[in-house]
Amino acid sequence: MQTVKVKLTQQDYDIHIASGLLGQVGKSLVELGFKSKGIIITNPVVKNLYLKKCKESLEEEGFSADFIEVPDGEEYKSLEWAGKLYNELASLKAERMTPILALGGGVIGDLAGFVAATYMRGVPLFQIPTTLLAQVDSSIGGKTAVNHGQLKNNVGTFYQPKRVLADVSVLKTLPVSQVGNGIAEIIKYGVIRDKELFQLIESNLTALTSLDEEFTEEVISRCTAIKAEIVEKDEKDLGLRNILNYGHTTGHAIETVSEFGVSHGQGVAIGMVAAAMISQRMGVLAAAELNKIKSILVKAGLPINIGGLDIAKILQAMKYDKKNAGGKVKFVLLKTIGEVFISDNVNVSMVEQVLKELYEETQDLRHNRR
Ligand code: NAD
Ligand code: GLY
């Protein structure tokens with residue numbers, strides 16, 4: 001088992017990463033001083049696959065383990081569903097020291113986290129992430145949120161879990177597109193902070209795409225250590241933490257314009273290439289580094305082009321506003337693989353030029369799309 005510590009001023013917590021951790025949830029709760037009751041929040045897909053194991057591990061340690069089910073989908077990450085969960089928690093007689101266990105991907109983690117942060121002004125939270133993306137990203141760092149109106153993640157809190165339990169064995173049931181979403185974020189960590197990790201992934205890509213347990217455990221622990229280090233330095237996302245958004249500005253815009261035909265990971269992959277191309281055109285990144293990024297993404301089965309999408313709409317979705325931004329936009333850019341910086345000095349015309357090139361590259365690379 002790998003353990004990564006997150007050291008914050010208010011509280012420290014551990015991220016455990018190993019195969020078979022679902023069977024250790026009860027022991028983990030006991031270790032942290034909890035007893036008698038835990039409430040699992042999950043969705044129907046994860047419930048059918050993994051609830052039994054998690055529930056049994058609690059019961060073995062003498063816990064009663066009720067569960068609450070939220071339908072599967074981003075649209076249920078809402079205030080309406082938070083309200084339903086408060087009602088359920090009250091009817092299950094959840095008290096201030098009753099831990100909530102978020103068993104699922106990032107949607108369940110964000111929603112259950114938000115509910116744990118606000119029910120009775122905060123009850124203990126355990127994150128049990130079951131997607132690759134949730135294991136390397138969303139379960140760590142304490143961002144919890146629901147979507148409200150047209151806006152994503154616009155109502156939320158910073159609320160750290162007591163522990164994160166990432167069981168790598170549950171990843172084997174993930175659909176391939178969900179694996180791709182996680183791999184895009186994993187490559188991102190290498191690009192922004194750890195050249196060695198990037199090289200490790202480059203040399204063992206098949207072990208990662210096939211979710212070899214030992215290699216995946218190693219990679220997840222390195223990614224979570226990077227996120228932990230960044231969150232420790234900037235818990236409230238006021239500066240350094242912004243670098244985690246490398247590739248996300250363009251990526252989110254592409255997801256939106258494609259009406260989510262392009263997945264999050266695919267959008268981030270294209271966005272990472274766009275940011276690297278801008279860095280290269282600004283003279284700060286070597287062309288060879290840009291090519292390494294393109295190559296690893298293509299080999300991982302992720303797209304690096306925007307064929308078929310409307311460039312003007314992408315720029316619009318990036319909230320480009322000439323008047324407000326003086327013709328410049330903010331980007332996370334690269335000096336080299338492993339070293340990024342934030343620039344609010346990127347010309348929109350350069351972004352447009354790069355998007356046009358990404359469009360041109362389409363024909364050759366289209367077959368690499370998942
Ligand atoms: P998700 O939670 O929707 O899960 C993706 C799909 O995989 C769902 O259908 C789910 O039911 C299914 N699933 C989950 N585990 C499975 C398993 N082991 N086997 C088979 N199927 C499984 O999506 P996600 O990509 O995990 O998370 C996306 C969400 O995370 C978004 O809402 C995003 O805003 C949020 N997010 C939050 C943070 C943060 O810091 N809090 C960071 C990144 C993303
Ligand atoms: N996923 C970005 C962050 O946690 O800040």
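In this view, Ser169 and Ser19, Asp167, Lys172, Glu213 satisfy the side chain to side chain contact (heavy atoms under 4.5 Å, CB included) rule, not counting sequence neighbours. Listed by chain and number, the residues in a side chain to side chain contact (heavy atoms under 4.5 Å, CB included) with Leu49 are Val45, Thr173 (sequence neighbours excluded). Residues satisfying the side chain to side chain contact (heavy atoms under 4.5 Å, CB included) criterion with Leu240, sequence neighbours excluded, are Arg193, Ile230, Lys233, Asp234, Ile243. Partners of Glu202 by side chain to side chain contact (heavy atoms under 4.5 Å, CB included), not counting sequence neighbours, listed by chain and number: Phe198, Gln199, Lys292, Ile296.
No donor-acceptor pair closer than 3.5 Å links the side chain of Asn204 to the backbone N or O of Ala207. Between the side chain of Asn147 and the backbone N or O of Asn153 there is at least one donor-acceptor pair closer than 3.5 Å. Using a distance-only test at 3.5 Å, with no hydrogens or angles considered, no donor-acceptor pair links the side chain of Gln127 to the main chain of Gly142. Tyr246 contributes a side-chain N or O that, together with a main-chain N or O of Met272, makes up a donor-acceptor pair within less than 3.5 Å. The backbone N or O of Leu244 sits less than 3.5 Å from a side-chain atom of Lys188, completing a donor-acceptor pair. Side-chain atoms of Asp310 come within 3.5 Å of backbone N or O of Lys313 as a donor-acceptor pair. No donor-acceptor pair under 3.5 Å is formed between the side chain of Asp194 and the backbone N or O of Gly190. Between the side chain of Arg222 and the backbone N or O of Tyr189 there is no donor-acceptor pair closer than 3.5 Å. Between the side chain of Asn181 and the backbone N or O of Gly265, at least one donor-acceptor pair lies under 3.5 Å.
The hydrophobic clustering, which links ILVMFWY residues whose side-chain heavy atoms are closer than 4.5 Å, places Phe126 and Val107 apart. Transitive grouping of hydrophobic side chains (ILVMFWY, heavy atoms separated by less than 4.5 Å) keeps Leu103 and Val115 in distinct clusters. Hydrophobic clustering (side-chain heavy atoms under 4.5 Å, transitive across Ile, Leu, Val, Met, Phe, Trp, Tyr) groups Leu302 together with Ile254. When hydrophobic clusters are built by joining Ile, Leu, Val, Met, Phe, Trp and Tyr residues whose side-chain heavy atoms come closer than 4.5 Å, directly or via intermediates, Val268 is grouped together with Val354. Cluster annotation: Leu197 is connected to Leu132 through the hydrophobic network of ILVMFWY side chains, with a link wherever side-chain heavy atoms come within less than 4.5 Å.
Shown here for Ser343 and Met282, the closest heavy-atom pair between the two residues is OG-CE, 4.4 Å. Of all non-hydrogen atoms in Ala102 and Ala112, the two that sit nearest each other are CB-CB, 3.7 Å. Here the closest heavy-atom approach between residue Ala228 and residue Val6 is recorded as CB-CG2, 3.9 Å. Of all the heavy atoms in Leu290 and Ala276, the pair that sits closest is CD1-CB, 3.6 Å. Pairing each heavy atom of Gly106 with each of Ser138, the nearest pair is CA-OG, 3.4 Å. Minimum heavy-atom separation, Met318 to Ala253: CG-CB, 3.5 Å.
With a 6.0 Å radius and a threshold of 12 heavy atoms from other residues, nucleotides or ligands, Glu196 has its CD atom at or below the threshold. Annotation for His148: atom NE2 does not count as buried by contact number, only 12 or fewer foreign heavy atoms lying within 6.0 Å.
Sorted by first and then second residue, the salt bridge (Lys or Arg N to Asp or Glu O under 4.0 Å) pairs with a member in residues 129-143 read Asp137-Lys227, Lys143-Asp237; sequence neighbours excluded. Sorted by first and then second residue, the pairs that involve residues 266-284 and meet salt bridge (Lys or Arg N to Asp or Glu O under 4.0 Å), not counting sequence neighbours, are Arg281-Glu357. Sorted by first and then second residue, the side chain to side chain donor-acceptor pair (under 3.5 Å) pairs involving residues 101-123 (not counting sequence neighbours) are Lys77-Asp110, Tyr86-Thr118. Applying the side chain to side chain donor-acceptor pair (under 3.5 Å) test to residues at least two apart or on different chains, none of the pairs has a partner in residues 93-104. For residues 345-354, every residue pair satisfying the salt bridge (Lys or Arg N to Asp or Glu O under 4.0 Å) rule, not counting sequence neighbours, is listed here: Glu352-Lys356. Screening residues 263-282 for ring-ring contact (aromatic ring centres under 6.0 Å, His included), with sequence neighbours left out, gives His248-His264, His252-His264.
With no hydrogens or angles considered, a side-chain donor-acceptor pair links Glu235 and Gln160 at under 3.5 Å. A donor and an acceptor atom, one from each side chain of Thr157 and Thr144, are located under 3.5 Å apart.
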Practice problem: Apply side-chain contact (heavy atoms from CB on, under 4.5 Å) to Ile40 and Leu51, showing your working. | Solution: CA-CA 8 Å; Ile40 301 164; Leu51 179 71; 3.8 Å; yes
Quiz item: Should Val170 and Gln135 be marked as a side-chain contact (heavy atoms from CB on, under 4.5 Å) after you check the CA-CA gap, both sets of side-chain angles, and the distance that decides it?
Solution: CA-CA 11 Å; Val170 306; Gln135 294 193 353; 4.0 Å; yes
Quiz prompt | side-chain contact (heavy atoms from CB on, under 4.5 Å) evaluation trace for Glu214 with Glu218 | solution = CA-CA 6 Å; Glu214 202 179 322; Glu218 164 72 14; over 6 Å; no
Quiz item: After noting the C-alpha distance and the side-chain angles of Val179 and Leu171, does the key distance pass the side-chain contact (heavy atoms from CB on, under 4.5 Å) rule?
Solution: CA-CA 8 Å; Val179 177; Leu171 302 175; over 6 Å; no
Exercise. Verify salt bridge (Lys or Arg N to Asp or Glu O under 4.0 Å) between Lys52 and Glu56, making sure each step is shown before the conclusion.
Key: CA-CA 6 Å; Lys52 187 167 177 281; Glu56 277 172 6; 3.1 Å; yes
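Lys47 has a carboxylate O that lies under 4.0 Å from a charged side-chain N of Glu69, or vice versa, which qualifies the two as a salt bridge. By the 4.0 Å N-to-carboxylate-O rule, Arg163 lies close enough to Glu31 to be salt-bridged with it.
Counting heavy atoms from C-beta outward, Ile108 and Val46 have side chains that stay 4.5 Å or more apart. Side-chain contact check for Val346 versus Val351: some heavy-atom pair is nearer than 4.5 Å. Annotation: side chain of Lys35 is not in contact with side chain of Val30 (no heavy-atom distance under 4.5 Å). Proximity of Val146 to Trp81: side-chain heavy atoms (C-beta onward) are nowhere separated by under 4.5 Å. A 4.5 Å side-chain heavy-atom check between Pro99 and Val123 finds every atom pair outside the cut-off. Considering only heavy atoms from C-beta on, Cys54 comes within 4.5 Å of Ile128 through its side chain. Between Arg241 and Val231, some side-chain heavy-atom pair lies under the 4.5 Å cut-off.
Here CZ of Phe215 is found 9.5 Å from OG1 of Thr209. Values are rounded to the nearest 0.5 Å.
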Could you pull out every donor-acceptor pair under 3.5 Å between side chains of residues 331-338 and any protein atom, sequence neighbours left out?
from: Thr336; atom 1: OG1; to: Lys195; atom 2: NZ; distance (Å): 3.4
from: Thr336; atom 1: OG1; to: Glu289; atom 2: OE1; distance (Å): 2.7

Show me the donor-acceptor pairs within less than 3.5 Å that the side chains of residues 20-27 make with the rest of the protein, sequence neighbours left out.
none

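Under the side chain to side chain contact (heavy atoms under 4.5 Å, CB included) rule, Tyr13 has a single partner from Val4, Leu32, Leu125, Leu8, which is Leu8.
Checked against the 6.0 Å centroid criterion, the rings of Phe63 and Phe34 do not qualify as a close aromatic pair.
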